[in-house]
Amino acid sequence: MPKYQATLLIELKEGILDPQGRAVEGVLKDLGHPVDSVRVGKVLEVVFPAETLLEAEEKAKAMGNFLANPVMEVFTLEALKELP
């Protein structure tokens, strides 16, 4: 069965406070990097079997829905590729 790699990006929803992002923003500014804002999220790379690309996409989206807290996070399927 073919294997696929999905890259999932999980971010906080707009309006949710991001203390880790604020800390990173402060450090970057202290180091002389003029940034407007920083948001911290999670990137997950998941390898799994699937029969077709369509099935792999469906599985990846199901994983993203499961892994993201729907109250405060959103997920994006950033990339999906078949592995050799």
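What you see below is based on every heavy atom in this structure, not just the backbone, and it leaves out hydrogens, waters and symmetry mates. Note that the numbering runs from 1 along the sequence shown for the chain. The shown structure was predicted, so the numbers you read here are calculated from the model rather than taken from an experiment.
Applying the side chain to side chain donor-acceptor pair (under 3.5 Å) criterion to E11, with sequence neighbours excluded, gives no partner residue. Contacts of E57 classified as salt bridge (Lys or Arg N to Asp or Glu O under 4.0 Å), with partners at least two apart in sequence or in another chain: K61. For V71, the side-chain contact (heavy atoms from CB on, under 4.5 Å) partners at least two apart in sequence or on another chain are N69. Contacts of K81 classified as side chain to side chain donor-acceptor pair (under 3.5 Å), with partners at least two apart in sequence or in another chain: none. Every residue meeting the side chain to side chain donor-acceptor pair (under 3.5 Å) condition with E73, not counting sequence neighbours, appears here in chain and number order: K42. By the side-chain contact (heavy atoms from CB on, under 4.5 Å) test, L31 pairs with V27, H33, sequence neighbours left out. Not counting sequence neighbours, the partners of E55 by the side chain to side chain donor-acceptor pair (under 3.5 Å) test are K59.
The hydrophobic cluster containing V38, built from Ile/Leu/Val/Met/Phe/Trp/Tyr side-chain heavy atoms closer than 4.5 Å, also comprises V24, L28, V35, V40. Hydrophobic cluster of L12: the remaining members, joined at side-chain heavy-atom separations below 4.5 Å, are I16, M72, listed by chain and number. The hydrophobic cluster containing F75 also includes Y4, L8, I10, L44, V46, F48, L53, M63, F66, L67, L77, L80, under a criterion of side-chain heavy atoms closer than 4.5 Å among ILVMFWY residues, counted directly or through chains of members. In the hydrophobic clustering, L9 connects to V43, either directly or through intervening members, whenever side-chain heavy atoms lie under 4.5 Å apart.
Rounding to the nearest 0.5 Å gives a distance of 5.5 Å between CG of L83 and CD of Q5.
The heavy-atom pair separating M1 from E51 by the smallest distance is CE-OE2, 3.0 Å.
Pairs engaging residues 17-26 under the side chain to side chain donor-acceptor pair (under 3.5 Å) rule: E25-K29 [sequence neighbours left out].
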